[in-house]
Number of protein chains: 2
Amino acid sequence: MSPTMTTAQQRQKAKDDYDAFLATCPSRQLLDRIGDKWITLVLSALADGPLRYSELARQIAGVSQKMLTQSLRNLERDGLISRTVTASVPVRVDYQMTALGLSLFGIVLQLKQWAERNMGVIIAHRDEFDSRN
Amino acid sequence: MSPTMTTAQQRQKAKDDYDAFLATCPSRQLLDRIGDKWITLVLSALADGPLRYSELARQIAGVSQKMLTQSLRNLERDGLISRTVTASVPVRVDYQMTALGLSLFGIVLQLKQWAERNMGVIIAHRDEFDSRN
DNA sequence: CGGAATCCACTTTGATACTG
DNA sequence: CAGTATCAAAGTGGATTCCG
């Protein structure tokens with residue numbers, strides 16, 4: 001045998017292939033989005049109606065300008081929210097959910113319901129696990 | 001007025017309060033879990049039946065020992081999977097889903113379905129957004 | 001075999017200052 | 001008002017080494 005790859009190289013290739021697969025996996029991309037701390041909070045805030053940038057910043061108390069802007073850009077890029085600029089002085093920018101965003105928010109709500117229904121038993125499991133160690 | 005806090009301190013307190021709220025928020029804790037790259041992959045792997053540690057490591061090609069072990073511990077701690085040690089030589093360890101884990105996996109599947117149904121239009125939005133900038 | 005522990009590179013985040 | 005730019009701090013994951 002004259003292998004073209006060492007065992008280590010084969011393992012490396014397998015990981016690279018797996019990474020490439022994950023990078024284009026729809027579920028993974030979605031989980032990356034909603035796993036992001038601020039994304040779901042922005043969606044929740046906008047679920048009740050449009051808000052200005054400063055209103056969002058106030059409502060989501062813990063967010064920095066940088067992360068809020070970044071989150072809004074990502075959501076806009078994915079078509080989950082829309083951004084409207086009113087050229088006044090000073091300038092006014094409103095954000096609002098799109099139909100796609102509302103559809104995603106429905107999924108997030110299901111997740112929220114599952115969490116609230118089951119967090120009690122999960123906490124109990126944690127306590128028991130921790131007390132054993 | 002003789003305020004006991006400066007404006008900056010009040011802002012800081014608001015953020016601390018918000019952080020404390022998020023730390024105990026069930027939805028946030030759940031999103032932190034399933035947003036983790038390897039958690040969903042472990043759940044998917046175990047959905048078809050129990051697997052040994054080494055089998056999991058092989059099936060999830062990209063994972064390091066450290067992250068696999070960490071993910072398994074977290075899942076076990078939450079009561080989503082169970083761990084069974086067979087004291088032979090060498091030792092054998094099997095992991096399998098609990099009923100709670102299967103229940104959570106159902107939610108993950110819903111997410112997966114949403115992702116697959118809507119990723120096309122999201123990609124289209126991204127392309128259009130990027131071409132404008 | 002199934003880990004635990006350590007070290008380190010890299011990424012992510014936040015605070016701060018500045019701008020159209 | 002609604003951002004952008006920059007830099008330092010903190011968090012995260014991986015490679016490596018060692019153990020029962």
Side-chain angles (χ1 to χ4, degrees), chain A residues 6-9 11-12 14-16 18-19 22-23 28 32-33 35-39 41-42 45-46 50-77 81-96 133, chain B residues 6-16 18-19 22-23 32-33 35-39 41-42 45 50-77 81-96 133:
Chain A
T6 66
T7 311
Q9 282 173 332
R11 260 200 309 270
Q12 187 56 49
K15 292 192 182 184
D16 291 348
Y18 204 73
D19 274 359
L22 288 180
R28 182 95 298 282
D32 281 345
R33 271 278 175 280
D36 185 7
K37 187 175 177 182
W38 305 116
I39 291 292
L41 292 167
V42 170
L46 291 178
L51 288 175
R52 300 181 60 171
Y53 182 89
S54 51
E55 292 171 327
L56 279 167
R58 197 164 354 99
Q59 214 169 102
I60 308 174
V63 74
S64 64
Q65 287 184 338
K66 179 182 175 180
M67 294 315 292
L68 178 56
T69 300
Q70 194 177 105
S71 302
L72 290 168
R73 286 289 170 283
N74 281 332
L75 286 168
E76 185 195 1
R77 190 171 104 99
I81 66 175
S82 66
R83 177 175 180 270
T84 311
V85 181
T86 307
S88 55
V89 179
V91 58
R92 172 194 181 105
V93 180
D94 287 88
Y95 291 93
Q96 69 181 314
N133 306 296
Chain B
T6 64
T7 311
Q9 283 173 332
Q10 284 179 23
R11 260 200 309 271
Q12 186 57 51
K13 183 176 187 313
K15 293 192 183 186
D16 290 349
Y18 203 75
D19 274 359
L22 287 180
D32 281 344
R33 271 277 175 282
D36 184 8
K37 186 175 177 182
W38 305 116
I39 292 292
L41 292 168
V42 170
L51 288 176
R52 300 181 60 170
Y53 182 89
S54 51
E55 292 171 328
L56 279 166
R58 196 162 356 98
Q59 214 170 104
I60 308 173
V63 73
S64 65
Q65 288 184 338
K66 178 182 177 180
M67 294 316 293
L68 178 56
T69 299
Q70 194 179 105
S71 301
L72 290 169
R73 285 291 168 282
N74 282 332
L75 287 168
E76 185 195 1
R77 191 171 102 99
I81 66 175
S82 65
R83 177 175 181 268
T84 311
V85 181
T86 306
S88 54
V89 180
V91 60
R92 173 197 180 102
V93 180
D94 286 87
Y95 292 92
Q96 69 182 314
N133 306 297

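In what follows, every heavy atom counts, from backbone to side chain, and hydrogens, waters and symmetry copies are set aside. In the text below, chain A, chain B and the rest are named by the order of the sequence lines, each starting its count at 1.
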**OP:** Send over the distance from Y18(A) OH to dG14(D) C1', rounded to a whole Å.
**Re:** 17 Å
Original post:
Can you tell me how far P of dG14(D) sits from CG of D19(A), to the nearest Å?
Top reply: 8 Å
Original post:
How long is the line joining CG of L56(B) and P of dC1(C), in whole Å?
Top reply: 14 Å
Original post:
Can you find a side-chain donor-acceptor pair between Y95(B) and T84(B) that sits under 3.5 Å?
Top reply: no
Original post:
Can you find a side chain N or O atom of S54(A) that sits less than 4.0 Å from OP1 or OP2 on dA2(D)?
Top reply: yes
Original post:
Hey, can you pull the residues of residues 59-70 of chain A with a non-hydrogen atom under 4.0 angstrom from DNA chain C?
Top reply: S64(A), Q65(A), K66(A), M67(A)
Subject >> Closest non-hydrogen atom pair, D36(A) against S71(A) >> reply: OD2-OG, 4.3 Å
**OP:** Look at the side chain of T86(B) and the backbone N and O of S88(B), then say whether any donor-acceptor pair between them is shorter than 3.5 Å.
**Re:** no
Original post:
Using a cut-off of less than 4.0 Å, is there contact between a side-chain N or O of R52(A) and OP1 or OP2 of dA2(D)?
Top reply: yes
Subject >> Pair D19(A) + R28(A): basic N to acidic O under 4.0 Å >> reply: no
Original post:
Which of the following nucleotides, dG14(D), dG20(C), dG3(D), is nearest to the side chain of V91(A)?
Top reply: dG20(C)
Original post:
Between dG3(C) and Y95(B), is there an OP1 or OP2 to side-chain N/O distance shorter than 4.0 Å?
Top reply: yes
**OP:** Side chain of K15(B) only, please: which of dA15(C), dG14(C), dG2(C) is the nearest?
**Re:** dA15(C)
**OP:** Could you check how far CG of N74(B) sits from P of dT12(D), rounded to whole Å?
**Re:** 12 Å
**OP:** Please name the pair of heavy atoms, one in Q59(B) and one in A45(B), separated by the smallest distance, quoted to 0.1 Å.
**Re:** OE1-CB, 3.5 Å
Original post:
Atom CG of D32(B) and atom P of dG11(D): how far apart are they, to the nearest Å?
Top reply: 14 Å
Subject >> Criterion side chain to side chain contact (heavy atoms under 4.5 Å, CB included) against W38(A), the qualifying member of N74(A), I60(A), L72(A), L68(A) >> reply: I60(A)
Subject >> Nearest-nucleotide 5' precedence on DNA chain D, R83(A) against W38(B) >> reply: R83(A)
Original post:
Any side-chain heavy-atom pair from L75(A) and I39(A) closer than 4.5 angstrom?
Top reply: yes
Subject >> Gap between atoms CG and P, on L72(A) and dG3(D) respectively (whole Å) >> reply: 7 Å
Original post:
CZ of R73(B) versus C1' of dA4(C): gap in Å, rounded?
Top reply: 10 Å
**OP:** Please state how far atom CG in D94(A) lies from atom C1' in dG3(D), giving the value in whole angstrom units.
**Re:** 15 Å
